[in-house]
Amino acid sequence: MADNIEEKEPLKGAPTDGDMEGESAKTQEEVEGKTAQESAAEQDVKESDEQVLSEEDTVGEDTGEDGNVPKERKSFFKKKEKKDKKDEKIEELNDRLIRQMAEFDNFRKRTEKEKAQMFEIGAKDIVEKILPVVDNFERGLATVPEAEKESAFVQGIELVYKQLMKALEDAGVKPIEAVGKEFDPNFHNAVMHAEDENFGENIVAEEFQKGYMYRDSVVRHSMVKVAN
């Protein structure tokens with residue numbers, strides 16, 4: 001029965017086992033060749049990228065004559081050292097203390113100035129109230145007859161008047177000079193004008209009420225007559 005079995009001839013054009021093996025070897029060689037080419041191409045791309053990155057890193061750097069970056073330029077890129085929390089707290093407290101001391105000093109100076117102004121206003125108010133008493137002393141002494149000026153009563157009044165004027169002078173009160181002086185609206189109050197050849201133009205000829213100053217401010221203006 002085995003003899004009757006005829007060996008079938010391979011189909012015409014069908015690949016044989018030898019052809020299959022040759023074709024497989026050829027395909028493997030092509031794959032290996034392509035893999036080697038791709039690896040070489042990837043290596044070239046990697047080297048090119050590294051070169052570009054290296055050039056970009058060096059662009060814009062200030063290089064010296066020797067081609068190196070100066071120390072000042074390098075130090076700019078150093079990270080700032082972080083301060084200790086204790087040092088920051090000490091600096092904060094020190095700054096706060098300095099500010100509070102400055103504010104307190106300004107408050108002290110402002111308070112002293114206000115106190116001085118209040119004292120001056122109060123003193124001027126008291127002096128202004130005393131001046132009419134001084135005026136009455138002067139009017140009373142001016143009406144004393146010559147025969148009675150040597151009496152003990154008149155001399156006592158004069159002593160009280162002088163003592164009062166001395167106290168005002170020690171406190172900083174002084175009379176304003178008027179008669180014979182050029183009229184000054186800052187110190188004089190002109191209530192009358194008159195033609196007088198004995199005085200020049202705009203000169204105070206007569207004083208009706210004496211004016212006074214307390215330190216550098218006028219308490220009361222002098223009431224005067226001015227010659228034209």
Side-chain angles (χ1 to χ4, degrees), residues 89-228:
K89 190 65 177 179
I90 291 172
E91 291 181 359
E92 180 182 354
L93 294 174
N94 188 31
D95 182 66
R96 186 182 301 176
L97 177 62
I98 292 174
R99 291 178 182 272
Q100 289 181 350
M101 290 179 64
E103 290 177 359
F104 178 76
D105 187 57
N106 293 333
F107 171 76
R108 180 181 58 81
K109 292 179 179 179
R110 184 170 61 253
T111 303
E112 290 179 354
K113 185 177 181 180
E114 291 176 354
K115 287 172 63 177
Q117 291 177 349
M118 292 176 63
F119 177 79
E120 185 174 353
I121 292 172
K124 286 177 64 176
D125 185 58
I126 294 174
V127 170
E128 190 174 0
K129 292 179 179 179
I130 294 176
L131 291 180
V133 179
V134 175
D135 295 337
N136 291 330
F137 269 105
E138 293 177 348
R139 292 191 187 99
L141 292 173
T143 58
V144 175
E146 290 291 336
E148 296 180 3
K149 286 185 178 180
E150 299 297 329
S151 64
F153 177 77
V154 175
Q155 289 181 356
I157 295 297
E158 288 182 353
L159 289 175
V160 174
Y161 170 72
K162 290 178 181 179
Q163 186 177 6
L164 178 59
M165 296 302 296
K166 181 66 168 59
L168 292 174
E169 184 180 355
D170 294 340
V173 180
K174 58 183 179 179
I176 298 175
E177 296 182 1
V179 178
K181 300 293 182 179
E182 185 177 0
F183 174 76
D184 188 347
N186 295 319
F187 303 105
H188 307 140
N189 182 20
V191 295
M192 187 180 296
H193 292 270
E195 298 291 339
D196 195 336
E197 297 179 356
N198 296 326
F199 297 95
E201 187 177 358
N202 206 33
I203 300 298
V204 176
E206 186 178 352
E207 184 181 49
F208 301 112
Q209 187 181 53
K210 189 177 295 184
Y212 290 90
M213 293 184 63
Y214 174 69
R215 294 183 178 177
D216 295 330
S217 59
V218 177
V219 178
R220 188 176 71 183
H221 291 75
S222 299
M223 192 179 298
V224 298
K225 179 175 69 173
V226 180
N228 293 332

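Every value quoted in this text rests on a predicted model; they were computed, and no experiment measured them. No hydrogens, no waters, no symmetry mates; every other heavy atom, side chains included, goes into these values. Positions are given from 1, in the same order as the sequence printed here.
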Taking all heavy atoms of [X] and all of [Y], pick out the closest pair and write down the distance.
X    : Y    : value
A190 : V226 : CB-CG2, 3.7 Å
M213 : I176 : CG-CG1, 3.5 Å
K210 : S222 : C-OG, 4.2 Å

Go through the structure and list residues passing salt bridge (Lys or Arg N to Asp or Glu O under 4.0 Å) with [X], not counting sequence neighbours.
X    : answer
E112 : R108
E146 : K149
E169 : none

By side chain to side chain contact (heavy atoms under 4.5 Å, CB included), which residues pair with [X], not counting sequence neighbours?
X    : result
A227 : D196, F199, A205
F107 : R110, T111
E120 : K124, Y214, S217

Check: V160 and F137 side chains under 4.5 Å, non-hydrogen atoms
yes

Sequence-distant partners of [X], side chain to side chain donor-acceptor pair (under 3.5 Å), two or more places apart:
X    : value
E103 : none
D216 : none
N136 : R139

Would you confirm whether H188, through its side chain, and E177, through its main-chain N or O, come within 3.5 Å as a donor-acceptor pair?
yes

Pairs of donor and acceptor atoms involving the side chains of residues 92-101, under 3.5 Å and at least two apart or interchain, shall be tabulated with distances.
| residue | atom | partner | partner atom | Å |
| --- | --- | --- | --- | --- |
| E92 | OE2 | R96 | NH2 | 3.2 |
| D95 | OD2 | R99 | NE | 3.0 |

Could you list the donor-acceptor pairs under 3.5 angstrom formed by side chains in residues 161-168, with sequence neighbours left out?
| residue | atom | partner | partner atom | Å |
| --- | --- | --- | --- | --- |
| Y161 | OH | E138 | OE2 | 2.6 |
| K166 | NZ | D170 | OD1 | 3.1 |
| K166 | NZ | D170 | OD2 | 3.0 |

In terms of heavy-atom contacts, does CD of E150 have more than 12 from other residues, nucleotides or ligands at under 6.0 Å?
no

Quick one: side chains of residues 128-135, donor-acceptor pairs under 3.5 Å with protein atoms, not counting sequence neighbours, listed by atom name and distance.
| residue | atom | partner | partner atom | Å |
| --- | --- | --- | --- | --- |
| D135 | OD1 | R220 | NH2 | 3.2 |
| D135 | OD2 | R220 | NH1 | 2.8 |
| D135 | OD2 | R220 | NH2 | 3.3 |

